Participant: 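First the structure, which I've put down as structure tokens, then a few questions once you've had a look.
Computed from a predicted model, the values in this text were never measured in an experiment. Whatever order the structure lists them in is the order used to number ligands and atoms, beginning at 1.
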Amino acid sequence: MGLLDKLSGLLGLKKKEVHVLCLGLDNSGKTTIINKLKPSNAQSQDIVPTIGFSIEKFKSSREGQAIIFVIDSSDRLRMVVAKEELDTLLNHPASDAIKGEGLQEGVDWLQ
Ligand SMILES: Nc1nc2c(ncn2[C@@H]2O[C@H](COP(=O)(O)OP(=O)(O)OP(=O)(O)O)[C@@H](O)[C@H]2O)c(=O)[nH]1
Ligand SMILES: [Mg+2]
């Protein structure tokens, strides 16, 4: 690690990879939001439905992890479905990767 790297790390200027999970019902605007978070020269002009899931790499000078749950406020019919999914997510016990607790339950929940 060079001196400049060390200095920028100490000053909190160094960009690190952060983990952000973007969830929501289909067609709710997840890809559109992630696209807007990218630098303008990396943004896609054409947003198409995501097959399965997608992983994007971002760097930020801020630490942390986040979950974004996207709700389409114009999709009144499925508002109750979005609420149920969010409730399920919030009530789901967290996993501990170090102890290995809850990992199998997490995989079962995804399937
Ligand atoms: N009017 C309006 N349209 C939006 C907004 N956000 C997304 N859209 C449109 O909604 C449609 C779906 O957006 P996506 O970003 O593909 O939604 P998604 O959640 O990634 O969809 P899937 O990948 O299929 O699950 C696209 O046609 C977007 O242009 C918004 O804030 N306002
Ligand atoms: Mg998408």
Participant: Out of curiosity, T88 OG1 to E84 CD, how far, rounded to the nearest 0.5 Å?
Facilitator: 7.0 Å
Participant: Does L90 belong to the same Ile/Leu/Val/Met/Phe/Trp/Tyr cluster as L23, with side-chain heavy atoms less than 4.5 Å apart forming each link?
Facilitator: yes
Participant: Which atoms of ligand 1 sit under 4.0 Å from any heavy atom of N27?
Facilitator: 11 (C), 12 (C), 17 (O), 18 (P), 19 (O), 21 (O), 22 (P), 24 (O), 25 (O)
Participant: Any N/O/S atom from T31 (main chain or side chain) under 2.8 Å of the Mg ion (ligand 2)?
Facilitator: yes
Participant: Take atom 23 (O) of ligand 1 and look for protein heavy atoms under 4.0 Å from it; say yes if you find one, no if not.
Facilitator: yes
Participant: Can you confirm, on distance only, whether ligand 1 has an N/O atom lying under 3.5 Å from any N/O atom belonging to P49?
Facilitator: no
Participant: Return the option from I33, T31, V70 holding the heavy atom at the smallest distance from atom 20 (O) of ligand 1.
Facilitator: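 Heavy atom nearest to atom 20 (O) of ligand 1 belongs to T31.
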Participant: If you group Ile, Leu, Val, Met, Phe, Trp and Tyr by side-chain heavy-atom gaps below 4.5 Å, do L25 and L77 land in one group?
Facilitator: no
Participant: Taking atom 15 (O) of ligand 1 as the point of reference, which of T32, D26, D72 owns the nearest heavy atom?
Facilitator: T32
Participant: Mind checking whether I68 and V18 sit in one hydrophobic cluster, side chains of I, L, V, M, F, W, Y counted as touching below 4.5 Å?
Facilitator: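 Yes.
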Participant: Please work out, at 4.0 Å between heavy atoms, whether the side chain, the backbone, both, or neither of I47 comes within that distance of ligand 1.
Facilitator: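 For I47, the contact with ligand 1 is made by the side chain alone.
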Participant: So does S54 have any N/O/S atom less than 2.8 Å away from the Mg ion (ligand 2)?
Facilitator: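 So S54 does not count as coordinating the Mg ion (ligand 2).
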Participant: Look up atom 27 (O) of ligand 1 and tell me if a protein heavy atom lies less than 4.0 Å from it?
Facilitator: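 When distances to the protein are checked, atom 27 (O) of ligand 1 has no heavy atom within 4.0 Å.
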Participant: Any link between I47 and I71 through a network of hydrophobic side chains (Ile, Leu, Val, Met, Phe, Trp, Tyr) touching at under 4.5 Å?
Facilitator: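 No, separate clusters.
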Participant: Verify the distance criterion only: is there a donor paired with an acceptor across the side chains of S74 and D72 at less than 3.5 Å?
Facilitator: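 Present: a donor and an acceptor within the cut-off.
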Participant: Note the single closest protein heavy atom to atom 19 (O) of ligand 1, along with its residue, its atom name and the distance in Å.
Facilitator: K30 NZ, 2.7 Å
Participant: Going by a strict under-4.0 Å cutoff (protein heavy atoms only), does atom 30 (C) of ligand 1 have a neighbour on the protein?
Facilitator: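 So far as the 4.0 Å threshold goes, atom 30 (C) of ligand 1 is out of reach of every protein heavy atom.
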Participant: From atom 11 (C) of ligand 1, is the closest protein heavy-atom distance below 4.0 Å?
Facilitator: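 Looking at atom 11 (C) of ligand 1, one finds that a protein heavy atom does lie closer than 4.0 Å.
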Participant: I'd like to know if the side chain of N35 and the backbone of T31 have a donor-acceptor N/O pair within less than 3.5 Å.
Facilitator: no
Participant: When you measure from atom 17 (O) of ligand 1 to every protein heavy atom, which one gives the shortest distance, and what is it?
Facilitator: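 For atom 17 (O) of ligand 1, the nearest protein heavy atom comes out as G29 N, 3.0 Å.
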Participant: So how far is it from K38 NZ to Q43 CD, rounded to the nearest 0.5 Å?
Facilitator: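 It comes to 8.0 Å.
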Participant: May I ask whether S28 has any heavy atom positioned less than 4.0 angstrom from an atom of ligand 1?
Facilitator: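 Contact check S28 vs ligand 1: positive.
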Participant: Same cluster or not: L86 versus V80, using hydrophobic residues (I, L, V, M, F, W, Y) connected whenever any side-chain heavy atoms lie under 4.5 Å apart?
Facilitator: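 Different hydrophobic clusters.
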Participant: About how many Å separate CG of D96 and CG of L103, when rounded to the nearest 0.5 Å?
Facilitator: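 If I round to the nearest 0.5 Å, the distance is 7.5 Å.
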Participant: Does the protein come close to atom 2 (C) of ligand 1 - that is, does one of its heavy atoms sit below 4.0 Å from that atom?
Facilitator: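 No, no protein heavy atom sits under 4.0 Å from atom 2 (C) of ligand 1.
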